[in-house]
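Each chain gets a letter, A, B and so on, in the order its sequence line appears, and its residues count up from 1.
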Amino acid sequence: MRRLWRLNPRTVDRLVGGLIWAAAVSTLLILLFVIVYVSANGFPRLSWGFLTGKPQNMGRAGGIWPMIVSTAAISAMAVLIATPVGVATAIYLTEYTRESLLTRAIRFGTEALAGIPSIIFGLFGFVFFVVYLGLGWSLLSGALTLSLMILPTIVRTSEEAILTVPRAYREVSFSLGASRWQMVTTVVLPGALPGITTGVVLGLGRTVSETAAVILTAGSALHLPRSIFAPGRTMAVHFYILAREGLSDNMAWATGAVLLLSILLINVVINRALVALVRRRAVR
Amino acid sequence: MKEKLIEAVLLGLALTAILSLFVITAFILQAGLPLLISYGPWRFLTGLTWAPTEGEFGILPMLVGSLWVTVGALLFGVPLGLAVAIFAAEYAPSWAAVAMRPAIQLLAGIPSVIYGFIGLKILVPLIRDNLGGPGLSVLAGSLVLAVMILPNVIAISEDAIRAVPQTYRDGALALGATHWQTIWRVVLPAARSGIVAAIVLSMGRAVGETMAVIMLVGNSLRLPISPLDPATTLTSNIGLEMGYASGAHRQALFATGIVLFVLIMALNSLASLFRRRPASA
Amino acid sequence: MGGGDCCFLPHGPARSQRAIASLRCLLQLTLLVGIVLVTTACGARQAGDQIVLAGSTSVEPFAELLAEHYMAEHPEAPTINVQGGGSTAGIEAAISHTADIGMSSRQLKEAEKALGLEVQVIAYDAIAVVVHPENPVDALTTEQVRAIFAGEIRNWREVGGENRPITVVTREEGSGTRGAFQELVMGESRITPLALRQDSNGAVRVIVSTDRAAIGYMSLGIVSNVVKPLALDGIVPSARAAVEGQYRLVRPFLFVWLGQLRPAAKAFVDYVLSPPAQAILAGEGLIPAVGG
């Protein structure tokens, strides 16, 4: 490189340093731009009536209350289904078995699930939950599909969290005559809880922002779902349909602002959990 | 006794992941394989014409579309992401590094449809008016996907760079190398496998994205030649036509899903291969 | 988050008890989910208190509009959920009873007819060929439209417009609107692979309204002032011209179902065919199926 440009290494050093700072600043600017753009277009149209009203005229007017309910219901169900399974998987992998063909298979399965694009989950959810199990387009179909999608995140973060609990704690617990399960519930889980929470919240964020998998499994019906067997339209799907079909840019941005706000809130929750984790480590 | 039961329950739950992977694979295969076989995999992969109502299912234009869009996204996203990762690991004062993490996380958390719509509102007219073509193009898709893969590139390569032992840096600096020479000649080569893993995983992400791409690439069926041409990707074709498809057409979309699935699996296996290699490679 | 709250408790002195509590909560949830899965897998799907319509995105807005009116007039009636997905998906949903009523914007295929589906025409709809409002071209012949969509005419100059390459926008395969357009305009010609494909009338409208070089086609009922409908062979598309038979690009909007409709769904179909509902459709630019 020096031969090519005959530049003094110190000059190169300063030049590259500048470029790298510029890259970091521009990345932050992109983020800032997205937030400001969505807020500027969306917040002026936000109102109490928008949040609590039902959509009229295909969403060109009215509010998004049914979408908020659908989103909350689908996300909550997905997390409620995925969390026990994910945490149990992590406990099994870390506390109940050594590395073996079986654990490698489980890890492979988890990793492979993590890489599958959401549209494939959507296709699968459609043929399996909607058609094969006969659940129809419904909140339940959507939630089951999403729970598979976020399962790897929860397994991975829980595993990492469990591994941060020091070995010595477990040994003390055993030496006091605790069974493995008692040790898990009294020592491992309390220690890993903040990390597990982070994973769950990360998964929650993904379910809120997902579109492709939800539209194929939960449908896009506009009305307030009355049961988990009813179809529903999440905020992300509503945003997509409003934006894509040109029904109303204003309503789309207002929905986008609420969506972004939810994501921001969820992320703040993650950060608090992270901070809590760091603080705990520091105390040790 | 109780312990045994608990262990069995945990094992059962732990098998969910493989089980669902198995069921997903089985159902996608069952839905797509018949057509793939009867139509001929080679003809399916290399056919230039996609005309489902006339029984022609060639996905080459979509394969090429996916490739172009992905390569474009990497071209923009990787250098920028890598620079940010280097910044966070090597340049940033600690307050800045601390501030970056949540920002990057937030960037990753923003729904893809929002990125897609912003791209449609801002990038597409910009490209149409200044560079020509319909605006809905490979370029528009690539630029937006580049932003969407940034968090992935940054997080994984930052981890890789941080994993390089401090002694390497100290050694290089002690020999009189500048900060950048140390990074370029010592740190980055040592972190190479992690960075490659970041790139490959981001490829998977870019290939798999659907909704934002549908909004941006125009979905035309000709082989895209210039970055200003519209294109269709594997995912956008599935997303676009799935609702309307029946019979052989639907099977063909599931067959496209199989191709996508295989592609992603290959990419991810490649990535984990690189990830597993020690940092000192 | 209901019972999941326990997972989010802060940690404190009583951590272990809480962890046990949260674990118990997790186990209960697992059990619950298991039960739900088993019951549903056994086919105990509760149709619930709702009527589901699914299908054509061309019919969707009108069905949604009628559903809004119907539910306002009949508060005791079950919720009517209207979904897009496309004509073919709608017909399939009706066959599989995923939906009570399928909506289609094209005639049924022979294979679909063979299954014994009940078909009800709810209205007729004209398809308009549309361009950007600032496009100087106002009229084309059907043959010119065919040649443009076949990719034989590629510049607006060739049909009396500006010197600008034409951006052709079409619907995706399987769309009822595309099916009708193919049949009525394209005949044996294939739509050019250069065409941008979009999956709804609205998406076509978005592109045509923002690109001066674009041409597309869509349900006349959805045409608004952001795009300009072209006169075809000298006839400006309108519901009236379609009723009188001068404008040829017309296709039916169908409700289809398999077997006996549930009384609640039957009541809605009856409402859709009633004079007030048909008048609403006429007001939206459709051609009523009854009375007219």
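- Heavy-atom neighbours of chain A within the stretch residues 260-267 of chain B, taken at a separation under 4.5 angstrom, comprise Leu260(B), Phe261(B), Ile264(B), Met265(B).
- Options Gln30(B), His179(B), Glu90(B), Glu7(B) differ in how many heavy-atom pairs under 4.5 Å they form with chain A, and the most are formed by Glu7(B).
- Contact of Leu107(B) with chain A is made through backbone and side chain together, with heavy-atom distances under 4.5 Å.
- Pro111(B) has its side chain within reach of Ile263(A): a pair of non-hydrogen atoms, C-beta onward, lies under 4.5 Å apart.
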* To do: Kindly indicate, with the supporting measurements, whether the criterion side-chain contact (heavy atoms from CB on, under 4.5 Å) is fulfilled by Phe117(B) and Asn41(A).
  => CA-CA 12 Å; Phe117(B) 195 39; Asn41(A) 282 296; over 6 Å; no
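- Both the backbone and the side chain of Ile214(B) come within contact range of chain A, each with at least one heavy atom under 4.5 Å from a heavy atom of that chain.
- In this structure, Gly176(B) and Arg10(A) approach most closely via the heavy-atom pair O-NH2, 4.0 Å.
- Contact of Thr210(B) with chain A is made through the side chain alone, with heavy-atom distances under 4.5 Å.
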* Does the side-chain contact (heavy atoms from CB on, under 4.5 Å) test come out yes or no for Leu15(B) and Leu102(A), once each step is laid out? -> CA-CA 9 Å; Leu15(B) 290 176; Leu102(A) 186 67; 4.1 Å; yes
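- Proximity to chain B among residues 116-126 of chain A is limited to Ile116(A), Pro117(A), Ile119(A), Ile120(A), Phe121(A), Leu123(A), Phe124(A), Phe126(A), judged by heavy-atom separations below 4.5 angstrom.
- For Leu216(A), the part sitting under 4.5 Å from any heavy atom of chain B is the side chain, from C-beta outward, and nothing else.
- In terms of heavy-atom proximity, Glu3(B) sits nearest to Arg180(A) at OE1-CB, 3.4 Å.
- Here Phe108(A) contributes atom CZ and Ser269(B) contributes atom OG; the two are 6.0 Å apart, rounded to the nearest 0.5 Å.
- Taking CD1 of Ile106(A) as the start and OG1 of Thr16(B) as the end, the distance is 9.0 Å to the nearest 0.5 Å.
- The minimum heavy-atom distance between Ala17(B) and Leu113(A), with the atom names listed, is O-CD1, 3.9 Å.
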In residues 12-28 of chain A, what donor-acceptor pairs under 3.5 Å come from side-chain atoms, sequence neighbours left out?
| residue | atom | partner | partner atom | Å |
| --- | --- | --- | --- | --- |
| Asp13(A) | OD1 | Trp180(B) | N | 2.6 |
| Ser26(A) | OG | Ala22(A) | O | 2.9 |
| Ser26(A) | OG | Ala23(A) | O | 2.9 |
| Thr27(A) | OG1 | Ala23(A) | O | 2.9 |

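- Residue Ile91(A) holds its CD1 atom at 9.5 Å from CG of Leu13(B), rounded to the nearest 0.5 Å.
- For the atom pair Thr110(A) OG1 and Ile18(B) CD1, the distance stands at 7.5 Å (nearest 0.5 Å).
- Both the backbone and the side chain of Leu106(B) come within less than 4.5 Å of a heavy atom in chain A.
- For Arg107(A), the CZ atom counts as densely surrounded, since its 6.0 Å shell holds more than 12 non-hydrogen atoms of other residues, nucleotides or ligands.
- Interatomic distance, Asp249(A) CG to Lys121(B) NZ, rounded to the nearest 0.5 Å: 3.5 Å.
- What you find for Leu31(A) and Ala103(B) is that their closest heavy atoms are CD2-O, 3.4 Å.
- In this structure the side chain of Tyr96(A) never reaches within 4.5 angstrom of the side chain of Leu11(B), judged on heavy atoms.
- Summarising the geometry, atom CD1 belonging to Ile6(B) is positioned 8.0 Å from atom OG1 belonging to Thr185(A); distances are rounded to the nearest 0.5 Å.
- For chain A, no part of Leu82(B) is nearby; none of its heavy atoms comes within less than 4.5 Å.
- Annotation: residues 19-26 of chain B contacts chain A through Ser20(B), Leu21(B), Val23(B), Ile24(B) [non-hydrogen atoms, separation under 4.5 Å].
- Between chain B and the residues Ala112(A), Ala243(A), Gly109(A), Ala252(A), the largest count of heavy-atom pairs under 4.5 Å involves Ala243(A).
- With a 4.5 angstrom heavy-atom cutoff, Ile35(A) touches chain B only via side-chain atoms.
- Within the 4.5 angstrom heavy-atom criterion, atoms from both the backbone and the side chain of Val34(A) approach chain B.
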